[in-house]
Each structure stands twice: as C-alpha cells, then as structure tokens.
Protein chains: 2
Amino acid sequence: MKKQSLSKEKGRQAARSPCPVSRTLDILGDKWTLLVVRDLFLGKQTYGELLDSPERIPTNILADRLKRLTAHGMVTKQPYQQRPPRYRYQLTEKGQALAAALRAIIDWGLAWLPGTRLPPGQDVEK
Amino acid sequence: MKKQSLSKEKGRQAARSPCPVSRTLDILGDKWTLLVVRDLFLGKQTYGELLDSPERIPTNILADRLKRLTAHGMVTKQPYQQRPPRYRYQLTEKGQALAAALRAIIDWGLAWLPGTRLPPGQDVEK
DNA sequence: TTCGGTTACTTGCAAATAACAAGTCACCAC
DNA sequence: GTGGTGACTTGTTATTTGCAAGTAACCGAA
C-alpha cells in the first residue's frame with residue numbers, strides 16, 4: 001500500500017513549480033495538515049491527544065500526516081517510554097516557523113468568517 | 001453533478017468546528033485554491049490567464065475554485081464585454097485580506113524550502 | 001461564407017485520496 | 001486472564017482529482 005503514483009518509483013513527488021506558495025501547498029495544502037500543526041502549537045504531544053480535537057480527524061489520516069510532517073522535518077517523533085512504547089510528537093524549528101502563517105490565518109478567519117472563535121485558552125502565541 | 005454529500009441537501013457543508021484555522025481550511029484547504037488567489041494578487045484576471053500558470057491547473061478545477069471563491073465572497077466575476085461574453089475575476093476586500101497570510105506562506109517557503117524562488121517580477125506586494 | 005482560432009467553460013471517466021469502521025499489537029492493572 | 005488504553009494498520013466505500021475531449025459564442029481572414 002504505497003503512496004506512490006505510477007509515475008516515479010522513488011522519493012516524493014515532484015514540486016509543481018519552484019514558487020514558494022506552490023511548494024508550501026505541496027506539503028500542507030489539504031484540510032488536515034495545518035490542524036495537526038495547530039494542535040502541536042497548542043501543546044498536544046501524543047497521538048491520542050491529537051486525535052481528540054473537535055474536528056475529529058480520522059486515525060489513518062492523522063498517522064499519515066504525522067508521517068509526512070516528520071518526513072519533511074517539521075515534526076519529531078521520540079519515544080518517551082519503552083514499555084509500553086509511547087511517543088511524543090513535537091514541532092521542530094521548521095515547524096515552529098509556521099507560527100506567523102498560522103497567526104495570519106487565524107486573524108483572517110476571525111475577521112472574515114462569522115461564527116469563528118478560539119476555544120477558551122487556545123492561542124498559538126506562547 | 002452536485003458537490004453535496006449524502007448528508008445535507010442544502011447549503012454548503014457544515015464547518016468542522018468554529019476554530020478559525022479549521023474554518024479557513026474548509027474554504028482554502030487544498031492544493032489549488034491559494035494558487036488561484038496568488039494569481040489574482042499578481043493581477044491575472046481572465047480564465048485564460050489563470051490557466052496559464054506554471055502549475056498547470058486543470059480547467060475543471062479552476063472553474064470549480066472560481067465558483068467557490070465567488071460563492072464565499074472572496075472573488076467577483078464581472079463581464080467586461082457582452083459579445084463575445086468575456087469575464088474578469090477580481091479579489092474582493094475579503095480576498096485581498098489574505099495578503100498577510102499569503103505573505104507569511106511565501107516567507108516560510110523561501111526560508112525553509114530549498115529551491116523555492118519567486119519568478120522574476122512576481123510579488124504579492126503592491 | 002466557411003474555416004480556423006480564441007475564450008470560457010462543461011463532461012466523462014479512470015485514478016488517487018479521504019472517510020469510516022474495524023482490527024491489531026503491546027503492554028499494564030486488577 | 002480479562003479489560004482497558006495508546007498507537008496505529010487494514011479493508012471497504014465514497015468523494016475528489018487529473019486528464020482528455022467536447023461545447024458554445026463569437027471574431028477575422030480567405
């Protein structure tokens with residue numbers, strides 16, 4: 001069950017263009033990836049905590065997104081206990097650098113989408 | 001060929017949560033929508049011009065995204081000539097308000113994705 | 001006046017991706 | 001040894017994408 005298309009056999013798929021918008025969307029242009037990043041910013045660290053968000057991300061999608069984010073060097077996965085095996089996910093510097101973009105998206109949503117609100121206590125800022 | 005799922009029969013699909021990140025991703029959380037917005041920022045106005053970007057957006061996807069952006073009040077479609085019918089697409093204030101988010105995404109891409117570059121002359125800033 | 005070209009799309013269909021439910025595996029507590 | 005939790009994987013169905021082609025309304029030249 002490989003994620004590959006019929007085109008290339010190795011590596012990830014080719015960038016559509018060198019444009020930074022396009023390249024960024026190649027990585028996080030979908031409905032779920034940024035939500036995972038958001039939750040990591042909010043301090044969630046385990047698979048279970050990440051599953052628990054109000055948007056109800058499916059388990060296979062979460063596993064896939066964590067894998068991709070890890071492959072892109074935006075997230076690290078470290079075991080914090082051997083037995084039973086338990087893992088902690090955290091943003092790398094590259095992942096944390098998305099703060100400005102996330103902040104801009106939050107601001108746009110709050111300003112232009114009626115009915116949006118930050119759940120109490122949720123804030124990306126430290 | 002409705003975009004609807006089996007769930008609700010009218011209106012657009014329900015927001016996954018009131019979170020501004022999630023609500024924003026409900027609108028532009030895919031690989032193409034922000035590229036269309038980018039091109040509109042760059043001054044492209046016609047369907048043909050928008051089709052012409054290096055990422056090669058499929059025609060049906062472009063038509064769909066313009067429809068959605070228009071439905072969300074982020075883009076206007078105006079005929080600028082009757083015969084033959086020709087249309088001009090432009091960002092509304094709501095669409096233009098994405099400038100900060102787009103800028104943040106560009107900055108992140110340029111800083112963290114090696115090989116990205118702005119094609120000469122391309123810049124979101126006025 | 002018919003032929004070709006342009007703009008702005010729509011349609012059909014195979015392929016990829018997502019969603020949902022369920023199952024697996026490794027423990028630990030009782 | 002039975003039940004529960006955390007971290008996933010697998011199977012199946014539903015939805016979305018990508019590509020090729022088709023349509024419609026003109027305009028301009030031959």
statement: In whole angstroms, the gap separating P of D:dA7 from CD of A:E49 amounts to 8 Å
- request: Give one of base, sugar-phosphate or nothing for B:R88, where a contact means two heavy atoms less than 4.0 Å apart.
  value: nothing
message: Here's a test of your reading of the structure: between B:L66 and A:R65, which maps to the more 5' nucleotide of DNA chain C?
response: B:L66
query: In terms of the nearest nucleotide of DNA chain D, which residue is placed more toward the 5' end: A:A63 or B:D30?
result: A:A63
message: With a 4.0 Å limit, can you tell me whether B:T46 has a side-chain N or O closer than that to the phosphate oxygens OP1/OP2 of C:dT7?
response: no
- request: Between C:dA18, D:dC8, C:dC9, spot the one nearest the side chain of A:W32, thanks.
  value: C:dA18
query: Can you find an N or O donor on one side and an acceptor on the other, under 3.5 Å apart, linking the side chain of A:T59 with the base of D:dT9?
result: yes
Shortest non-hydrogen contact between B:L25 and A:K31, atoms and distance: O-NZ, 3.5 Å
- prompt: To the nearest Å, how far apart are B:R56 CZ and D:dC19 P?
  reply: 11 Å
query: Are OP1 or OP2 of C:dT7 and a side-chain N or O of B:Y89 less than 4.0 angstrom apart?
result: no
message: If you only use heavy atoms from C-beta on, which nucleotide in C:dA8, D:dC8, D:dG18 is closest to the side chain of B:Y47?
response: C:dA8
query: Does a donor on one side chain and an acceptor on the other come within less than 3.5 Å for B:Q90 and B:T76?
result: no
field: Out of D:dT9, C:dC9, D:dC8, whichever nucleotide has its closest atom nearest the side chain of A:K67
entry: D:dT9
task: Using the side chain to side chain donor-acceptor pair (under 3.5 Å) rule, pick out the option among A:R65, A:R68, A:R38 that qualifies with A:T33.
output: A:R65
- prompt: Quick one: which of C:dA19, D:dC19, C:dC9 gets closest to the side chain of A:N60?
  reply: C:dA19
Side chain of A:R86 - closest among D:dT5, D:dT9, D:dG18: D:dT5
Phosphate OP1/OP2 of D:dT15 contacted by A:K31 side-chain N/O (<4.0 Å): no
message: Of the listed nucleotides (D:dG18, D:dC8, C:dA18), which one gets closest to any side-chain atom of A:R68?
response: C:dA18
- prompt: In whole angstroms, how far is the P atom of C:dT10 from the CG atom of B:D64?
  reply: 10 Å
